Amino acid sequence: MSSYHPQSVEKKWQSVWEQEKVYQVDLDQAARPFYNLMMFPYPSAEGLHIGNMYAFVHSDAYGRYIRLQGYDVFEPIGLDGFGIHSENYALKIKEHIRDVSARTEKKFYQQLRAIGNAYDWSRTLETYHPDYYRWTQWLFLQMYEKGLAYRRSSQVNWCPSCQTVLADEQVIDGRCERCESLVEYKEMEQWFWRITDYAEKLYYNLDQIDWSDEVKTAQKNWIGRSEGAKIRFSVKAGRQKSEIEVFTTRPDTLFGCTYLVLSSQHKLIEEFKEEIKNYDQLAAYLKQITTGSDESREKIGLRLEGWMAVNPVNNQEIPVFVANYILADYGTGAIMAVPAHDQRDWEFAKQNHLEILSVVRPAEGEWTEDRPYLEEGVGVNSDFLNGLPTESAKERMINWLEQQGVGQREIAYRLRDWCVSRQRYWGPPIPMVYCEQCGWQPVPEEELPVRLPDIEDFQPDGSGRGPLSKVPDFYQTTCPKCQGPARRETDVSDPFVDSAWYYLRYLCTDFNDRALEPKRMARWLPVDMYIGGREHSVLHLLYVRFVSMVLHELGYVPEGEPFKRFRAHGLLIKDGAKISKSRGNIVNPDKYLTEYGTDAVRLYLMFLGDMRQGGDWRDGGLNGMVRFINRIWSLYQQPRQENSSEEADRMMARAIKKISEDLDQLKFNIAIAQLMTIVNELKGQEKVAMKHLEQLAIMLGPFAPHLAEELWQEQLNKKQEPFCSVFAQKWPSYDQAMVEKKQVTLIVQVDGKLRDRLQLPAGLDQTAVEEKARASARAQKFIAGQEIVKIAFVPDRLINFVTKS
RNA sequence: GCCGAGGUGCUGGAAUAGGUAGACAGUGAGGACUUAAAAUCCUUUGGCCGCAAGGCCGUGCGGGUUCGAGUCCCGCCCUCGGCACCA
């Protein structure tokens with residue numbers, strides 16, 4: 001009996017598939033298009049991570065299953081190569097990022113070929129390639145022209161040790177991801193994209209898309225929709241009169257408002273600074289505090305001397321404070337403080353000996369005034385709200401505010417505008433030009449791409465400006481409007497911008513004169529299935545939705561939502577521990593692919609647990625997959641027969657049904673367990689039916705594609721000209737009648753305890769089963785002499801005798 | 001603190017319209033084949049009692065609903081992931 005050599009077989013079919021273009025679809029003609037997308041990898045110099053492969057083979061198995069159902073599956077791959085991660089790595093090993101990228105690109109594509117996925121290799125893309133980032137810049141211009149890209153001053157994360165700005169994602173627990181220094185905050189002018197304009201749509205659409213629930217919840221939390229009211233307080237700032245607007249979710253507590261608090265960046269402070277009697281003290285204070293970044297969470301604040309606000313509901317004069325616990329960019333950047341019913345206001349009031357006035361108390365039960373009461377209840381000390389439950393008190397107050405013209409219903413979102421500029425080198429230059437005469441001007445579309453200049457020194461220098469600001473050849477330009485001297489933007493854009501639209505470009509890589517081809521978009525969008533890590537739940541997946549909505553409004557894509565279905569996979573760990581460089585337990589797939597073969601590794605990755613839960617990689621587990629493959633191989637060497645027994649047909653029908661259902665639900669692990677069961681069953685037969693071997697080969701396809709092709713072409717002798725792959729076959733079907741069991745194992749219970757198992761023909765009624773069960777010697781022991789008070793019967797499953805005791 | 005996911009044999013993990021707990025693997029043990037080893041094949045592998053037949057216990061903990069609970073309800077504990085002064 002010849003043994004199976006995965007390495008040579010896998011190599012053979014990989015080259016045949018590529019030569020025969022088995023996985024290339026005609027994007028303009030495909031009759032049954034199915035867009036199967038996986039998150040393109042961030043190519044680190046260490047090479048493809050086993051965690052990448054884990055995600056990719058699951059996605060591929062699903063794509064192959066869909067393909068076998070007759071769809072034209074488009075499964076593209078590319079590299080998300082721009083970004084600070086790669087750039088930092090290059091700096092660390094003191095090599096140029098361009099050279100590192102060239103090397104990792106080669107390495108990654110080589111590894112991505114080795115995992116045996118059904119990628120269409122004619123449509124790859126890399127975000128750092130000018131053919132790609134030219135259109136990323138085009139996207140920026142679209143945003144700008146639609147009024148969704150703007151500049152404003154904002155606080156950014158600054159690492160004093162690396163001397164560079166960091167993305168929010170690179171700040172872990174307030175520390176730099178690279179060197180663990182405490183991150184500082186710096187005020188800088190940045191480019192933003194107005195994602196907040198889409199907050200409501202981003203929030204409500206979630207109810208209509210078929211995505212993993214956890215991701216939808218995470219996005220809802222991130223967007224953070226809160227219903228409440230805006231209330232205007234008139235304010236006397238010394239000799240000046242003005243208004244302060246606050247946002248609250250508890251308008252019903254307005255009677256309990258005893259002071260106002262502004263964020264340190266509130267515009268009124270700057271506007272009326274001459275009216276602040278203690279301005280010198282305030283200026284020192286402002287220097288000292290950093291809003292929202294205080295690790296201690298200690299509430300530091302200062303009263304604005306000479307200022308008084310008036311509570312509109314009772315005309316009480318109340319003091320105005322500035323404090324570090326008020327966020328500048330949430331709500332209105334100012335709050336009405338109700339210390340009796342808010343934890344933070346309570347703490348601040350206690351510290352500063354401010355008045356605390358209870359205006360809500362529990363509808364029933366005890367209530368003490370030694371701590372804030374945060375729950376809902378009924379109004380007290382609140383005039384027309386007295387006795388009203390919180391819900392109606394809110395409504396009543398909003399009505400009152402609207403009648404008086406001092407406030408209105410308002411919805412606040414936690415979501416903030418997306419800061420897209422980065423003071424770094426390895427990204428697409430933002431295509432804007434600043435002219436002293438004309439202000440900011442977009443680079444004309446026909447001048448794209450604004451090429452990233454090839455410079456030697458790309459180290460950030462701590463000046464707070466990107467490395468491109470040291471390259472006069474780059475930034476010296478002329479104004480597109482007046483032709484006068486002008487300066488290019490030297491910031492590059494966030495790598496998340498690159499990945500916010502890559503799936504659209506896959507469909508158009510053959511067009512050099514446009515970013516997106518509408519006909520292609522119409523045929524292929526939205527993406528039918530997207531599988532990826534849940535770590536992208538809010539960032540990437542939110543940005544993609546936002547960009548897609550904008551492109552839809554601009555008429556480029558047919559629907560606002562980009563992905564019909566999204567499923568999150570879990571994390572792959574090793575021997576019970578998270579895989580990380582510092583633990584030194586990195587799993588390099590190359591070694592395993594060479595040693596055990598691609599199919600064995602693929603099978604193992606999909607067998608070791610439920611995709612959505614993640615799994616625990618243990619080297620020993622691979623042995624089981626090698627044994628499984630060898631058992632399959634020997635099965636195909638066994639004597640065969642043309643006909644099949646009814647019993648075997650029934651077994652196969654049940655298995656086909658089960659495996660199909662498992663794959664529909666992405667339960668790859670139990671689908672493989674089922675395949676193992678079939679193989680064990682078929683191996684027990686003296687002669688195996690040809691039909692069953694064919695069905696098995698096809699069903700192995702999604703998991704072990706090379707083995708499946710080898711079995712189909714060589715062992716089952718299906719070779720023909722022109723080449724016809726096993727993946728061009730039809731997924732096996734089953735007859736529902738064959739699935740039903742003729743014999744069932746019926747459980748006999750007495751008082752809920754298992755006492756006997758009876759082998760009976762299916763479909764017996766209760767009387768018949770009861771007779772058989774009473775006759776069972778084992779059950780008899782427990783029934784004898786007992787009074788039966790009840791019998792529970794589940795057809796074909798169980799009968800339970802309940803005795804009096 | 002808040003949100004989400006989860007807790008099942010020695011290990012990875014199966015099992016939800018409430019109905020055989022431990023499928024399918026891994027590991028260990030014993031045996032067959034072999035001069036030997038590897039590979040392969042067979043038996044066995046939740047705990048306790050028992051010579052056996054068989055019985056009792058068992059799905060993080062404590063209650064509850066039910067003829068029957070890993071699955072449903074109430075109250076906790078623990079692990080992992082995310083967010084974190086969001087008014």
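Below, all heavy atoms of this structure are taken into account, side chains as well, without hydrogens, waters or symmetry copies. Naming convention: chains lettered A, B, ... in sequence-line order (proteins, then strands); numbering from 1 in each chain. Here the structure is a predicted model, which means the values were calculated and not measured.
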- Item | Per-nucleotide protein contact string for nucleotides 1-16 of chain B (B base, S sugar-phosphate only, - none; heavy atom under 4.0 Å) | --SSSS----SBSSS-

Spatial distance of atom [atom1] ([X]) from atom [atom2] ([Y]) [nearest 0.5 Å]:
{"X": "A:I678", "Y": "A:N680", "atom1": "CD1", "atom2": "CG", "result": "10.0 Å"}
{"X": "A:D213", "Y": "A:K216", "atom1": "CG", "atom2": "NZ", "result": "5.5 Å"}
{"X": "A:M625", "Y": "A:M676", "atom1": "CE", "atom2": "CE", "result": "4.0 Å"}
{"X": "A:L571", "Y": "A:E535", "atom1": "CG", "atom2": "CD", "result": "7.5 Å"}

What's the gap between [N] and [M] when it is taken at their [atom1] atoms, as a whole Å value?
{"N": "B:rG50", "M": "B:rG1", "atom1": "P", "value": "48 Å"}
{"N": "B:rU45", "M": "B:rG28", "atom1": "C1'", "value": "8 Å"}
{"N": "B:rC61", "M": "B:rU79", "atom1": "C1'", "value": "15 Å"}
{"N": "B:rU44", "M": "B:rC80", "atom1": "P", "value": "39 Å"}
{"N": "B:rG7", "M": "B:rC57", "atom1": "P", "value": "25 Å"}
{"N": "B:rG63", "M": "B:rA69", "atom1": "P", "value": "14 Å"}
{"N": "B:rA21", "M": "B:rG68", "atom1": "C1'", "value": "14 Å"}
{"N": "B:rG22", "M": "B:rG70", "atom1": "C1'", "value": "11 Å"}

- Message: Between A:H58 and A:F668, is the ring centroid distance below 6.0 Å?
- Response: yes

- Would the A:F348 and A:F321 ring centres measure less than 6.0 Å apart? yes

Is [N] paired to anything, Watson-Crick or G-U wobble with both distances less than 3.5 Å, and if yes, which nucleotide?
{"N": "B:rC85", "value": "none"}
{"N": "B:rA14", "value": "none"}
{"N": "B:rU71", "value": "none"}
{"N": "B:rU40", "value": "B:rA32"}

Over all strands shown, is [X] touching base, sugar-phosphate only, or nothing at heavy-atom distances under 4.0 angstrom?
{"X": "A:N623", "result": "sugar-phosphate"}
{"X": "A:D213", "result": "nothing"}
{"X": "A:G624", "result": "sugar-phosphate"}
{"X": "A:R416", "result": "base"}

- Item | Candidates B:rA87, B:rG68, B:rA25 - which lies nearest the side chain of A:N800 | B:rG68

- Which of the following nucleotides, B:rU20, B:rG81, B:rG55, is nearest to the side chain of A:K578? B:rG81

Residue pair [X] / [Y], side-chain donor-acceptor N/O under 3.5 Å:
{"X": "A:Y325", "Y": "A:D345", "value": "yes"}
{"X": "A:D619", "Y": "A:Y592", "value": "yes"}
{"X": "A:R303", "Y": "A:Y259", "value": "no"}

- Partner residues of A:R757 under the side-chain hydrogen bond (donor to acceptor under 3.5 Å, both in side chains) criterion, sequence neighbours left out: none

- Is there a residue in residues 753-763 of chain A whose heavy atoms reach under 4.0 Å of RNA chain B, and which residues are they? A:K753, A:R755, A:R757

- Item | ring-ring contact (aromatic ring centres under 6.0 Å, His included) partners of A:F255, counting only residues at least two apart | A:F384

Given atom [atom1] of [X] and atom [atom2] of [N], what is their separation to the nearest angstrom?
{"X": "A:F628", "N": "B:rC41", "atom1": "CZ", "atom2": "P", "result": "13 Å"}
{"X": "A:L254", "N": "B:rA87", "atom1": "CG", "atom2": "C1'", "result": "14 Å"}
{"X": "A:I799", "N": "B:rG68", "atom1": "CD1", "atom2": "P", "result": "16 Å"}

- Do NZ/NE/NH1/NH2 and the carboxylate oxygens of A:D751 and A:K753 come within less than 4.0 Å? no

Polar-atom pairs under 3.5 Å, protein N or O versus N or O of nucleotides 43-52 of chain B: list them with distances, or write none.
none

Does the side chain of [X] get closer than 4.0 angstrom to OP1 or OP2 of [N] through an N or O atom?
{"X": "A:S537", "N": "B:rG82", "result": "no"}
{"X": "A:R414", "N": "B:rC83", "result": "no"}
{"X": "A:R627", "N": "B:rC24", "result": "no"}
{"X": "A:R778", "N": "B:rG54", "result": "yes"}

- Task: With sequence neighbours excluded, tell me which residues meet salt bridge (charged side-chain N to carboxylate O under 4.0 Å, His left out) with A:E214.
- Result: A:R534

